[in-house]
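Here the structure is laid out as structure tokens; the discussion comes afterwards.
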Amino acid sequence: MSAPAGHAAASGLPVRAWVADRATVLTVLWFGALVAGTWPLVLAAAGPDLPLIGVVAHVSGMLAGYGVLVLLVLMARSPALERGIGADVLARWHGLAGRAVVGLVLLHAVGAVAAWAQLTGVGLLLGSWQVLGMPAMPAAAVGTVLMLVAAAASVRAARRTLRHETWHGLHLLMYLAVALGFAHMLAGPDLVGHRVLQICWALAYTHVAALLVRHRVLTPLRQAARHRMRVGGVRPEGPGVVSISVTGDHLAELHAEPGQFFRWRFLTPDLWRTAHPFSLSAAPTATELRLTVKALGDGSTDLQDVPVGTWVIAEGPYGAVTSARRSHRNVLLIAGGVGITPMRALFETLPLGPGEDLLLLYRARTPEELLFREELDAIAVRRGARVGYLLGAEREPLSAGGLQRMVPDLVDRDVYLCGSPGLTSAVRASLRTAGLPPGQLHEERFAF
Amino acid sequence: MSGRHAGLARARRHSSLLLSGATVLGVWFGLRAPDVTPVAPPAAAVQEQPSDGITDGTTEPPAVPVRPDGRGRPGGGR
């Protein structure tokens, strides 16, 4: 954990939260993996001969156990990580680490059975049966199966066919899988005989569990009780797009900032099970937060006619793409489609001093798909900022040359970017070609 | 005390309780963990070194007693 956030919240109150930076977190995570992976090698070197496949089983087992901890920490929604690194980066790391953990678990299982079969001289089938009969192994085996089911549901092809709610439900099986495998971890030969290590391992898991309970259960419940949020109004913005005003008490205490998002849980019979992330589409006030939702899936479609008065639980705020990232006088905002929502909030609130320029480029296929046009024009006039609408599907305006023509001082600006994966990927490449230093590009990538 | 401060104090109390609970639970799990691995290696993995039958009368007996399950060290193959 390192740099303090040190930025002023929308309410003007300083936020004295501590945030983690990417380099520190990665260093700690890799160091932990090094220790977890080296320990079985030390034991193997000091102990009696173990077949190579057995050593592989030990190392992969320890790394898998450690990797599960990392997966849980990344998704604990700790503000230090969410604000310092960003939810999108954490989610990508979680996906990468998840694939690695599933591979390690399989390698561990296969390696352990193969080593057992080799040492006992039995076949793989009988060896598997004997291993499964050992104490704590049936639960660990069930946990492994559950983990594989959840992992299979997360494969891209499966994600496309599953409803978000179904995928989410299957993904929650991971918690059960971890619980079922916990006894096996503590009883594993790399920890047994080293009481201090067993206690440290157990402490690591219980503290990560506490972190999850704190930030995923207690904090949302406390916020719900304190802020008593409800849907105050629903306003159509365009085809399949609505803005939802959420009213509540003491909202300034949340220190939400333009550019950030909440995970919103609308307490209707159809929607209460899942929290959906949506950015603030307007500057937050002490009594109202506004989000804008495009109907892209089952949940967001149901939100199009969410009843006024519906109770809301909002987790957050999350997100690191705020005015605190700004390092240059002039700013370029680039939005595509419904990605305009956080950009609109930033356009409205980014500090703009004398001689500074704030330009918003908003890409949409048709004029009908433009959201907030009147609001954006009014903000531009009021603040002395500029807004440009890029209509159509032509790539040229967002190419390196096109951007340089529209924004000659591009490389001397901070650039905030939000849009569909295809658009952001293309713009990212254009900005790189145009020579924008990577540190001046601020974005959070979300699947639309 | 304002509602905000009362809420913060309550949150801090909850965090402390949670941390204490996690610590107690972690230590308990660690202490309750087995000291002999149930996934013990088969006897073949820890067979004694072959003896050449020659002793010089000075050899000390093994310092580490063999565990009841026949393991030579805590870690072994599964």
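Computed from heavy atoms alone, side chains included, the values below leave out hydrogens, waters and symmetry copies. First the proteins, then the strands, lettered A, B, ... as listed; each starts at 1.
No more than 12 heavy atoms of other residues, nucleotides or ligands lie within 6.0 Å of CH2 in Trp129(A), so this atom counts as exposed by the packing criterion. Within 6.0 Å of CZ in Arg77(A) there are more than 12 heavy atoms belonging to other residues, nucleotides or ligands. With a 6.0 Å radius and a threshold of 12 heavy atoms from other residues, nucleotides or ligands, Leu221(A) has its CG atom above the threshold.
Between Phe182(A) and Phe29(B), the gap from one ring centroid to the other is short of 6.0 Å.
Ranked by heavy-atom pairs under 4.5 Å with chain A, the first of Leu19(B), Leu31(B), Leu25(B) is Leu31(B).
Both the backbone and the side chain of Ala210(A) come within less than 4.5 Å of a heavy atom of chain B. Residue His207(A) touches chain B through both its backbone and its side chain, counting heavy-atom pairs closer than 4.5 Å.
Rounding to the nearest 0.5 angstrom, the gap separating the CG atom in Leu191(A) from the CG atom in Asp35(B) is 13.0 Å. From Arg214(A), atom CZ reaches atom NE2 of His14(B) across 11.5 Å, with rounding to the nearest 0.5 Å.
Annotation: side chain of Thr206(A) is not in contact with side chain of Thr23(B) (no heavy-atom distance under 4.5 Å).
Under the 3.5 Å distance criterion, the side-chain polar atoms of Arg195(A) are matched with a main-chain donor or acceptor of Gly30(B).
Scanning both residues, Gln198(A) and Ala33(B), for their nearest heavy atoms gives NE2-CB, 3.4 Å. Minimum heavy-atom separation, Gly26(B) to Ala202(A): O-CB, 3.2 Å.
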Give the intermediate values and the outcome of side chain to side chain contact (heavy atoms under 4.5 Å, CB included) for residues Val27(B) and Leu203(A). CA-CA 6 Å; Val27(B) 171; Leu203(A) 279 172; 4.1 Å; yes
